[in-house]
> 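I'd like to ask you about the structure that follows.
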Amino acid sequence: MNHSPKKLMAGMLAIVLMFTLLVGCSGGNNNTPAENKGNTGEKGNGGNSGNGGNAAEGEVYPENGLSKTEKITIKWGYWENGYGRAWMDHAVEKFTEKYPNVTFDITSSPVIRDLISTKMAAKNDDDMFDIISPSFNGDEGTIAQKAGLFEDMSDLWERDVPDAPGLKLKDAVLDNTMEYAQKIDGKFYQIPMGAYALGLFYDKAFFKEKGWNENPKNYDEFLALMETIKNDGIAPITYPGVYATYINFAFLIKQFELADKAGNIEQYTKDFRQGINMYSAPEVKEYWTRMYEMGKKGYFVEGAAALNHTQSQMQLLQHKAALASTGDWVENEMKDAIPEGFEWGFMAIPFVDVTQNKVWVENGIGAGSLMIWKNKPENVKKWAKEFALFLMTNDIQAVNGENGISPIRKDFAENEANLAKLQAAPKAVLEYVKNNNGQFATGVRDVAFASPDAAKATKMIEELIIEVTAGKKDPLPVLEEADKLMKKVLESEK
Amino acid sequence: METNKRTFIDVIWRLIMFLCALSVIFPLLWIVLESLKTNKEFFANVWALPDKLMFENYKKAWDSYHLGSTLLNTLYYVGTSLALGTFLTALSAYVLTRLEFRGRKFIWGTIMLSLFLPGINALVPQYILMRDLGLTNSLTGLIILDSFGESVFFLMLLGGFMQSLPKEMEESAYIDGASLFQVFTRIILPLSTPGIVTVAIFKFLGLYNAFLGPFIYLSDSSKYTIGVAMYHANQIMQYKADWVTLFAGVTIAMIPTIIIYVFFQKQIAEGATLGGLKG
Amino acid sequence: MAQIGASVPATPKKVSTLSKRKVQTTIFILLALGPSYCGYLLFTLYPNILSAYYSLLEWNGITDPKFVWFDNYKYLFQDEYVWRALGHNLILMVTVPILTIIPSIFLAYLLNVKGYKESPLYKVIYFLPNVLAVIVIALMWSFIYDGSNGLLNAILNLFGIDNNDFYWLGSKKTAIWALLPPLIWGGVGFYVVIFMNAMKSIPPSLYEAAILDGASHMTRLRKITIPLINPIVRISTLFLVLGVFKGFEIMLIMTNGGPAGSTEVIGLYMFNMAFGKSSHNYGYASAIGMFLFVVLVIAKLLIDRLSSKDHAEF
């Protein structure tokens, strides 16, 4: 009798352990989803109706050959960011109106990345969203694309855009789109559906009132502007130090400007995209040095380190700072708080003389573009692609434009009514580029490094920003240190 | 004790106590005040009074954070976890503090381990486990996760209280032939009410305010609880400048907790003890 | 030796029913403790054991994990960010418990001993921050510290101090200290209640003798109250120390570790390694977690050692 409880206890523990082991094993099985890739396809929709081409005439949509009757649900993990969710709600409404057999199951969150990462690490395809967007961007997205977790969407370039039969997508988009869009090993895992531009935004009305130079033509004029603003008791530049990389929106692209002036742009762009000399190129050192000089003169707002995006942009709206380093979504982001009489203006920092050389402005394409999870039923993926294509119609692009996403269709501007709908901040960018010999370019790299050393270098540089803009730390030694780490990383990748 | 002798030092003590109370009340009132402004008023001067009380903010918060459905989800999630979890905690506390048996020390030791586990690093394995058990994307799954478990904090809170109970009633019940379960339900539970209420309140607060678990485990936003809604409302402020609606939402979210607290504050004042679970 | 059985029937009078009782007891213990304890083993302990295994992997959550033995640990010891973060934890570990417990004891003593007519109301108010979500606390304090329109600067201005819109969370010198008030503010009320209850259980006769001897409040607090509630103080200290080591939500929301890493604590570093904005490293995050586990156990042993006048274990 004395022993039975002990045995029972032991038995219970054994059962628990067995249970946990079983769970552990099943977890282990799921770690290799590649083996049942094919199965998930059929499992998802109960029957092989995936190829709509077999269905009878009249039961398929003529434009894409997909079945009209088959019910499809697309699970969408949506990142709710500065563009809000109005454009997404609108696009979904229009799409499901046109294709009533398709429904969307949307999980919308400002922190959707945390959820996506967890699901990705858990390696269960059924549990994953069918599409995720806007771009699961940054290094993590690049690594995931490289690992082949997403559907190759390159074929969409050859498709006709739905509202202009005969016009291929690759010809419908703005020039250079394909060149600038991120591709991994030559494949497109996301098709850009909108564009954005980055730089310094300001209030034209305020500048006029103060009599400040709205269009400095060279670096000296720019510095003079900074000095004037500072002497007027206003902080020249604000940026969100909690997410310090926002300052890059004004500075990162300047290395291209310098390389371009030196006549070295082609090789420079190649190296940049491959992550070569990330921290050691003279052009990189130069822009950091200039940032440091500006920091020492007190041209960045004090206490920037405590600000998040909206707080920093608030300083702009409240005229506590003259310029804010951000993107052209700023207007949409701040729409609840923009005071009357505020007029959006834009400038880039001229590192060169804009009357002789091009002034570079960072833009990007890919705002809002979606990616499709690879291990999903074929017909869900097909409909997801249809949806991606649908986002390129001018009606959708116009509504997106109202919500701060710059349209990417070439023929969009042919319609005056379309243009009028654009928000003022993106318009200000276009105006600046037109008047100042501007050159758009992207700061996206084609590679990403996941090793601890690379992460350490990134962290080092991010923390450096605050110190440099406060004029407290010479960036060059830190750049050198980060460069050493990256050399090690590149070496080990070989 | 000699109470009513008031000296100069009392004035200082009372002032200190008043300032402490003020530091609690003032920021809370400030949130309520801001929730009744327009965004422009808020940004123009956070300390000025609003021209007109904007009760519309509350309607907007209610709609845009889907507080109606989230509160219903919260009611189910918190209510069930609370009833089940508190009962189980009371049982555990009773067994571990008032019964002597072989293996008790070992069990208590393994539970103590959890105090030192950092937690966050186990989120991914825990997610995988939950998914394999089919418990993700379900409020019931979340209830199971939150109800079946041990917490050193709650065991100490309740165990400490139970240990202070006199043993005589229990003993006489045994002599009358009552079973352990009867002793537990008829004697221990009623006597421990303040302690149990205190544990329940803390569980309530933890569950009500929890956001990371519900967010990770519930991918369907129609199942979100108020904690997730508030987390999102706060995070979205990185991309929006609609602070007054956030303040209104926060105020709505605070109301149930404050009501429940005020309602049960007597029991907390009595039941909050950190007891020595002697191992 | 009967190991099993209620401690209660200390003198077994009815020997015949004793063995039956033992079986009953055993079944009761299994049923009562089983579900929650198994849940604990499954949902808490098992994922942590798995995490210990993860700590031997190089794994970003995307590509296939690579088994690297103790590389993560080797890296950890050379990672100055880990040590810097631990340094910040150390600052908080010393300050937060002291600044929480001492005021709590004082307020509890005042509330218990001095029957001011407003005392009952204060009891209710002091506890109030404990019912608030961390998010609300962080949000509130962010606005208190705001440079251009924060409460703190507004108060300083009232006293004629113009600090030029100083951002308390924006300076490396002040940021970590500025985190102390929210951390303490959120916790004092709970410990006030805990200490009040502990003080109530001290027999009044002990005080009466001291009062006769003419001992002041200070003396009574020092000589009678504090020694008698010492076990509770120790448990509270332990909870606070562990809480400070593990917690990072306030920093995540208020500063995200900045400026320039000056408020980055180890929990936040680990969190960002596993869930941050840039690429992830679950293996390394797990290694930090395991390392933290060891640090916490050592901290516990140290607290025991430093304060073990009596042998009350917990």
Side-chain angles (χ1 to χ4, degrees), chain A residues 2 5-6 9-10 13 19-20 22-31 75 77-85 105-112 114-115 117-119 121-124 126-129 240 242-243 308-311 313-314 317-318 329 332-340, chain B residues 38-46 57 60 64 66 99 101-104 106-107 110 120 123-137 148 211-224 228-229 231-246:
Chain A
N2 264 352
K6 206 175 21 174
M9 188 62 83
L13 272 172
F19 187 38
T20 51
L22 275 175
V23 169
C25 291
S26 65
N29 285 343
N30 284 337
N31 278 343
K75 282 189 289 174
Y78 178 77
W79 180 33
E80 193 175 350
N81 59 12
Y83 298 124
R85 55 175 291 166
D105 180 359
I106 295 158
T107 304
S108 163
S109 165
V111 282
I112 197 80
D114 295 352
L115 199 52
S117 309
T118 310
K119 284 176 184 292
K123 293 206 187 291
N124 183 308
D126 288 342
D127 188 39
M128 182 49 95
F129 300 114
V242 174
Y243 309 96
N308 70 17
H309 319 159
T310 42
Q311 281 172 318
Q313 286 157 196
M314 249 354 273
L317 300 195
Q318 294 179 313
W329 55 78
N332 198 57
E333 213 162 68
M334 305 305 289
K335 63 183 170 217
D336 293 311
I338 298 170
E340 261 158 65
Chain B
T38 64
N39 274 305
K40 285 185 182 127
E41 282 171 336
F42 169 69
F43 286 117
N45 182 351
V46 286
N57 293 340
K60 199 176 166 203
S64 59
H66 309 286
L99 299 183
F101 59 96
R102 192 176 222 167
R104 194 181 68 91
F106 172 76
I107 289 178
T110 53
I120 279 299
L123 198 60
V124 166
Q126 199 187 46
Y127 179 85
I128 295 174
L129 170 76
M130 289 284 282
R131 196 208 56 214
D132 290 344
L133 295 175
L135 297 178
T136 45
N137 205 14
F148 294 91
F211 61 88
L212 202 57
F215 169 60
I216 297 283
Y217 294 123
L218 302 171
S219 38
D220 187 347
S221 41
S222 68
K223 292 174 184 157
Y224 280 168
V228 185
Y231 178 52
H232 277 175
N234 186 58
Q235 290 294 308
I236 198 78
M237 282 304 127
Q238 289 178 37
Y239 310 113
K240 239 182 183 176
D242 191 4
W243 288 98
V244 293
T245 308
L246 174 68

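Keep in mind that this is a model prediction, so the values were computed, not measured. Chain letters run A, B, ... following the sequence lines, proteins first and then strands; every chain starts at 1.
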> Apply salt bridge (charged side-chain N to carboxylate O under 4.0 Å, His left out) to B:Lys40 and list each qualifying residue two or more places apart in sequence or on a separate chain.
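Per chain and number, B:Lys40 pairs via salt bridge (charged side-chain N to carboxylate O under 4.0 Å, His left out) with no residue.
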> Nearest 0.5 Å please: distance from the NZ atom of A:Lys123 over to the CZ atom of B:Arg131.
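A:Lys123 atom NZ to B:Arg131 atom CZ measures 11.0 Å (nearest 0.5 Å).
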> Looking only at atom types and distance, does a side-chain atom of B:Ser221 sit under 3.5 Å from a main-chain N or O of A:Ser108, one as donor and one as acceptor?
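Between the backbone of A:Ser108 and the side chain of B:Ser221 there is no qualifying donor-acceptor contact (under 3.5 Å).
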> Can you see which heavy atom on B:Ile216 is nearest to which on A:Asp114, and at what distance?
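Smallest interatomic distance, heavy atoms only, reads CD1-O, 4.1 Å.
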> Go through the structure and list residues passing salt bridge (charged side-chain N to carboxylate O under 4.0 Å, His left out) with A:Asp127, not counting sequence neighbours.
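Testing A:Asp127 for salt bridge (charged side-chain N to carboxylate O under 4.0 Å, His left out), a comparison that skips the adjacent residues, returns A:Lys119.
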> Rounded to the nearest 0.5 Å, what separates atom CG in A:Asn124 from atom CD1 in B:Ile128?
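Output value for this atom pair is 9.5 Å.
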> Do A:Thr107 and B:Tyr224 have side chains that get closer than 4.5 Å, going by heavy atoms?
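Yes, at least one pair of side-chain atoms sits under 4.5 Å.
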> Can you name the nearest heavy-atom pair linking A:Val111 to B:Gln235, along with the distance?
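Closest pair (atom of A:Val111, atom of B:Gln235, distance): CG1-OE1, 3.5 Å.
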> How many angstroms lie between NZ in B:Lys240 and CG in A:Asn81, if you round to the nearest 0.5 Å?
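Between B:Lys240 NZ and A:Asn81 CG, I get 11.5 Å after rounding to 0.5 Å.
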> Is it the backbone or the side chain of A:Leu317 that comes under 4.5 Å from a heavy atom of chain B, or both, or neither?
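Looking at A:Leu317, nothing touches chain B.
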> Using 0.5 Å steps for rounding, measure from the OH atom of B:Tyr217 to the OG1 atom of A:Thr118.
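It comes to 8.5 Å.
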> Please give me the minimum heavy-atom distance between A:Asp336 and B:Asn39, naming the atom from each residue.
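Taking A:Asp336 first and B:Asn39 second, the nearest heavy atoms are O-CB, 3.5 Å.
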> Mind ranking B:Phe42, B:Tyr231, B:Trp243 by heavy-atom pairs under 4.5 Å with chain A and telling me who comes out on top?
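Highest number of heavy-atom pairs under 4.5 Å: B:Tyr231.
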> Could you tell me which of A:Ser109, A:Pro339, A:Ala337 has the largest number of non-hydrogen atom pairs under 4.5 Å with chain B?
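Among the listed options, the one with the most contacts to chain B is A:Ser109.
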> Check whether A:Met334 gets within reach of chain B through its side chain, its backbone, both or neither, counting any heavy atom under 4.5 Å.
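Answer is both: backbone and side chain atoms of A:Met334 are under 4.5 Å from chain B.
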> Mind telling me whether B:Tyr239 and A:His309 have parallel, tilted or perpendicular rings, with 30° and 60° as the class edges?
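Tilted.
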